[in-house]
Every structure is written in C-alpha cells, then in structure tokens.
Amino acid sequence: MKNTLKKIASSLNSLMIPLVALFLLLLFNLFRDVSFFRITLDDKGVLSGNLVSIINSASELAIIGMGMTLVTASCGGQDISVGTVSAIAGAVFAKMLLKAFTVITIPTILLSVLVAILVTILFKLFNGVLVAVFRIQPMIATLILYSSGRSIASWIIVDATTKIEDPLVRYIGMTIPGSPIPTPIFITAIMGLVLVLIFKLTNLSLYTQTVGINQGAARLNGINPIVVKLLCFGVLGVCVTLASVIQIGRIGSLTQNTMLADIEMDAILAVAIGGNSLGGGKFRISGTVLGAYVIETLMTTLRSMNVDTSSIKAYKALAIIAVVVAGSPVIKALASNLWKKIREQVFVGTSKEAIR
Amino acid sequence: MKKFIAMLLTMALVLSCFAMALADDELIKVGIINLDPAESGYRTANVKNLQETFTVENGYDATFATATTGKDQLDAFQGFVTAGMKYILVSAADTTGWDEVLENAKEVGVKVFLFDRMIDCDPELYTAAVVSDMRLEGEKAVAWLESLGLEEYKILHIQGQLGSAAQIGRSDPLVEKCEAEANWTIVREGTGGDSWDPNEARKIAEAAIDAGEDFNIVYAENDGMADGVVAALDAKGISHGVNGKVIIMGFDCNAWALEKVLAGEWNYDGQCSPFQANKIDELIKILEAGGEIEGLNELNQIINDETYFAADTITAEDVERYGLK
C-alpha cells in the first residue's frame, strides 16, 4: 500500500512540470474567459470547443513526441528530421493510394499506410544506423534527412499539392460518422496504449534506459545497444507515418513542402517539458504527451486571444522560457528547500504547541 | 612543386574558361533564380513553364537556381553575375535588400528581369518586370465581394506568407475597404507566418470558430489556405459555398480549386497567371536583335492579363483552360 502510494507520488513528482504548466495555462484561461472551456455538440454530432481542439490538434505532436522520447532516451540526442520525413511518408502513402491502387477502399488505405510505415522505418533506420553503428551525433546524423527530406518527397510525388479528397481518407483526420470524438484522438490513444503495453510488459523500458545511461554497462549485461537504438528509431518511423497520414486526412491534401514544418522543435520541446532528460536515460512517455498538450494549449490560448499571428511565436517563446526555467534544477532545488523550510516551521510550530 | 601545381591548375582553369566561352558562343546565357517548385501549384506551373521555354533548342544556356530565402537568393544572384550570365531572371522571396547586387549587375552590364514578384528598388536597376498586379487581384476580389451587396461583411482574413508581394497586394485592398466601410469588419486575421501552410489556416479557423466568432466570408490569400479553412468548417459542420453560411474565396486558380468553385463549394477564385516565361523570352529576343522594349509602365512593369472565376459564372472549359495542374 505504502509502496504504491510512493510510486504514484514519484510519478506525479516527475510529471510536475507539465502538470503545473497545464494547470497554470488553464487557470489563466479561466480568469481570462470562462467560455474557453465551453464544449458543445455541433450540427454533425461532434464534440466541439477549445479543449477538444487542443487534444485533437496536439495529436500529431503527441504521437511524434512518443517516438522522440524513445530516441532521446536511448541515444541521448534527438532526431531533427521528423517533420521532413513525414513529408516522405505522406508522399509514399499518397503515391500508393493514387497511383498503385487507384481505388480507395479501407483495405487499400490500410495497405498504403503499411507501405508508408515500412518505407519510413527504412528512412529512420538510416538515421539509426548512423547514430547507433557509426556513433555520429544524432543531430548531425539526422540533419541529412532534415535538409533533404522534402526534396525526396517531391521526387516521389511531383505535384506541389496532391488532393486526396476521398471521404474514407478524410475520416482519419476528421471524425468517423457517428463518433462524437475526432479520429486523431483515438489514434493517439491507441498508439500510446500500444507503446505502454510493449514497453511496460517487457523489459524494453529498462533496456532503453540502460542503454541511454551507460552503453558499456548495458553491453556487459547482455543488452545490445545497437538493436535497442535501432528499435527506437523504428518506433519513431511508425509515429511519423501516423502523424503524416492524420495530416493528410485533416485537409484532404498532401502539401509536402509545408507538412508538419518545424514539428521537430516542438517535439523536442514536448520531450523536455515532459520532464525527460534530453541527455538520455530515464524517460516518461506520458510526460511528453502532456508536454504536447501544454504546447498546444499555449498556442490555442494565444490564437483565441487573437494575438497578432506574426508575433505569436515570440509569445510562445516567452511562455516556454518560463516553463523551462521553472523546471530547471536550480529552481527545483530552491522550491524544494522552500517547501522543506515551510514544513519544518509548521511542524516545529505544531510540536511546540503540543509540548505546551 | 606546389607552385608548379598551382600554375598548372590556373592554366587549366583559364583554358577551360576559354573552351566554355567558345562552346557556348551562340547560346544566350541565362541565370534563373526561382522559389521552390513544391511551394504551391502556382510555383510548380511557373517553374515548368520556365524550364520549357529556356531550352537549348530555343537558343538558351539556362542555369536554374532554387533559393527560398532572401539571403540564398542574393548569393545565387551574385554567383550568376560572377559566372558571366547575360541575363538574370529573379522571382524574389523578399521585396527588400536587392539594391546592392542589382547595382553591381548593372555596372557589369548584366540585364535583370523580375518575374512574378516585384522588388522595392529604383526601377532603373532592372530591365523589366513581368508580373501579376497582386493589388489589382485584391481589388478585383474586393469589388466582387461588394457586388454581392451583403448587409454585413464579417470576414475571416487568412493572410499568406507575410511580406511577400502576393500577401501585401491581396491584403491591402481588403484592409482599406474594411477601414472605410462601417459594415465591413475583419473578425479575425491570421497568417501562415513564413509560409502558405494550409494546416496553419485550418488551425486559425478552428480557433476562431471555438471562440464563437461569427463570420460569413473567408478571404484566404491562396487556394491551399482556403482549403485549410474549409477543412475546419467541414469538421465543425458549418456550411459554405453557394447557398452556404460562409462565402469562400481563394487565389491562384489551381485546377482542383476551380473544380470546387464549379461544384459550388467555393464562391470565388482569383487568377494569378504563372506564365511569364514566354513574355520574357520575347523581350530577350528583342534585346538580342538590338531592339528596345516598349510598353513598360513607370515601374518598368509588364502586367499579366488576369481574371477571376465566381461560382455562378464559371464553366467546365474555364477549369480546363485556366486551372493549374
């Protein structure tokens, strides 16, 4: 009993930063405009409102963040090519669907997604091999696809905008008729669940941490660091493809030039806000997902405050700095010291009372 | 030894220069600086048109540079001047910062043509600009809106890449109109920032709808962004197009967009012709023959002839003929 309580307390503790950030953001909105929290059923029977939009819009970021967390944990570095490789994934998906199958049905969509996942995994393994086998720093290794990914996508599919307006594809990015919840939320939940099951039920979670903390020790204990790292990149490949397909479903077109632009930065940010060390080792996927929601809440708040869109990124930066500084070791130490002092005072105070 | 190798290399360089000069004697050396063809349907058509026009068969030795930022473009431009291009064609990412390189080019006798996008500088610094009048496109769109005679104009204004000629030209007439008329209001204004990202447009629209904003017109500054807004409307079950609650306006005339206008899902699409290559080809041939370019305005411009398509007048032939594929 005491153990489980301790466990919950420790996990809450490690999720402190994203939870507090989320709480503060929502509190801010509560005072700013209560209608921010209004959720309605719209004419199509779909839940609608800022909170739904946040969870819905953050899906791509959350999914990619999950993979990014694993890569960060095992390699101690980040893959900065997720946005550009998502363009490749989207291009492969669109090409398969439109050129190879030409008919759009549920099986052909699933097959196209599968092919896109396989191709994307290959691209991610390219990154993985550079990082794991050749021991190139992740940022440099992934810089190659970061700068070339969108060109490769343009080779695969020539047109700047490829329209895929089939209702079945749109369901992936919008809502399946009859469901009150947008599909991307389901996809995020399923992906999260699958990862949690895989990593918690097996020793993979432990292996990944071990490799991230000390490769040599991991090898001595019979864990092959290369395999673990490649696996993490492979999972990231799956995440990137899913995010890409959601994006295509959202507007019914593939725009490889702008698709998920700059998402790598937000994904790294989500990992950091989630309380994960960017230097690898211990990780918490739920933290990253919360981090993604923090970022999207922030953006939605700014958008609904009608902040001038050209300066929205500056405001975002300000808020992010606040979050990151609040989560820094120095502030954390200060806070825990303060807490200790308060507790001591209270405790000493009450004990004195008791003596009297 | 080192000196000898250095001398040998220099000789080789000089000789190869001679050889190149001899080989390319008859071809006209043209350097073309353009933006990324994958940027939009407009750009794809534009780049393709240039590539098909400036060919060896047509008497050109053309070098293409794809540069998406102002700095990369300036570097590419300087490179073309150094490489001894006779003509340089530019579609500028930024409207400012060009004076120095243009003066430099003028000094060494390189002739510069601007296409698609204008630059803020002394018109004497370039030979001619073959451009669309983006402001006129905006004015046409606003005039069309006015012709509808609505009681209330509540506009969701989706701006394109901030600072680009297309964004400024298409924004200004609308903003001015809204300042002048009491029943014209811009409910929300948003932008893709440094891009024309349809998804960014979708998010702006989503935030506006969630905030309970009431709008009856979407003025999006290109087709992709209009499409992004439409996705948000569809997701929230808000009707649009002919007989719908919201009027949808886009620009560029991509084939898929015109089809939407034809189907009545959108109401308006403003044309922006990407085919400047033939005109520039014509102008260069005149200059090569020793002639003078005529018909320029005070900004040294030649304006594309452009129109617009509205849902009530568009025909299937229009889609076929004017739609960018």
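Sequence lines set the chain letters: A, B, ... in the order given, protein chains first and strands last, and positions in each chain run from 1.
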Q) With a cut-off of 6.0 Å (strictly less than), are more than 12 heavy atoms of other residues, nucleotides or ligands near CG of L318(A)? A) yes
Q. Has N183(B) got more than 12 heavy atoms of other residues, nucleotides or ligands less than 6.0 Å from its CG?
A. yes
Q) Only one of R250(A), Q247(A), E60(A) forms a side chain to side chain donor-acceptor pair (under 3.5 Å) with N199(B), so which one is it? A) Q247(A)
Q: First locate atom NZ of K236(B), then atom OG1 of T40(A), and finally report the distance between them rounded to the nearest 0.5 Å.
A: 7.5 Å
Q) Can you tell me if CD on E176(B) sees more than 12 non-hydrogen neighbours from other groups inside 6.0 Å? A) yes
Q: Check each atom of S253(A) against the heavy atoms of chain B and say whether the ones under 4.5 Å are side chain, backbone, both or neither.
A: side chain
Q | Pairwise distance CG(N257(A)) to OG1(T68(B)) - rounded to 0.5 angstrom | A | 8.5 Å
Q.
Please classify the contact of V229(B) with chain A as side chain, backbone, both or neither, using a heavy-atom distance under 4.5 Å.
A. neither
Q: Name the region of K260(B), side chain, backbone, both or neither, that has any atom closer than 4.5 Å to a heavy atom of chain A.
A: side chain
Q) Around Y315(A), counting heavy atoms of other residues, nucleotides and ligands shown, do more than 12 lie under 6.0 Å from its OH? A) no
**Q.** Proximal component of S154(A), with respect to chain B [non-hydrogen, under 4.5 Å]
**A.** side chain
Q.
Take a 6.0 Å sphere around CZ of F23(A) and say whether it holds more than 12 heavy atoms from other residues, nucleotides or ligands.
A. no
Q.
Just verifying a value: how many Å separate R303(A) CZ and R188(B) CZ, rounded to the nearest 0.5 Å?
A. 10.5 Å
Q.
Let's test your reading of the structure: which of V307(A), V46(A), N306(A) forms the most heavy-atom pairs below 4.5 Å with chain B?
A. N306(A)
Q. Hey, does S48(A) have a side-chain heavy atom less than 4.5 Å from the side chain of D210(B)?
A. yes
Q: Using a 4.5 Å cut-off on heavy atoms from C-beta on, say whether the side chain of K163(A) contacts that of D227(B).
A: yes
Q) Which atom pair, heavy atoms only, marks the closest approach of A231(B) to M174(A)? A) O-CE, 3.7 Å
Q: Verify the neighbour count for atom NZ of K154(B): are there more than 12 heavy atoms of other residues, nucleotides or ligands below 6.0 Å?
A: yes
Q.
Please classify the contact of R150(A) with chain B as side chain, backbone, both or neither, using a heavy-atom distance under 4.5 Å.
A. neither
Q: Sort D223(B) into side chain, backbone, both or neither according to what part of it lies under 4.5 angstrom from a heavy atom of chain A.
A: neither
Q) Taking G190(B), A45(B), G212(B), A211(B) one by one, which has the highest count of heavy-atom pairs under 4.5 Å against chain A? A) G190(B)
Q. Looking at side-chain heavy atoms only, is the closest gap between K203(B) and E296(A) below 4.5 Å?
A. yes
Q: Heavy atoms only: give me the nearest E206(B)-S53(A) pair and the separation to one decimal.
A: CG-OG, 3.6 Å
Q: To the nearest 0.5 angstrom, please state how far the CD1 atom of I251(A) sits from the CG atom of D234(B).
A: 12.0 Å
Q) By a 4.5 Å heavy-atom criterion (distance strictly below it), what part of T191(B) contacts chain A: side chain, backbone, both, or neither? A) both
Q.
So for atom OH, which belongs to Y146(A), do other residues, nucleotides or ligands contribute more than 12 heavy atoms lying within a distance under 6.0 Å?
A. no
Q: Count the heavy atoms of every other residue, nucleotide or ligand shown that sit under 6.0 Å from NZ of K71(B), and state whether that count exceeds 12.
A: no
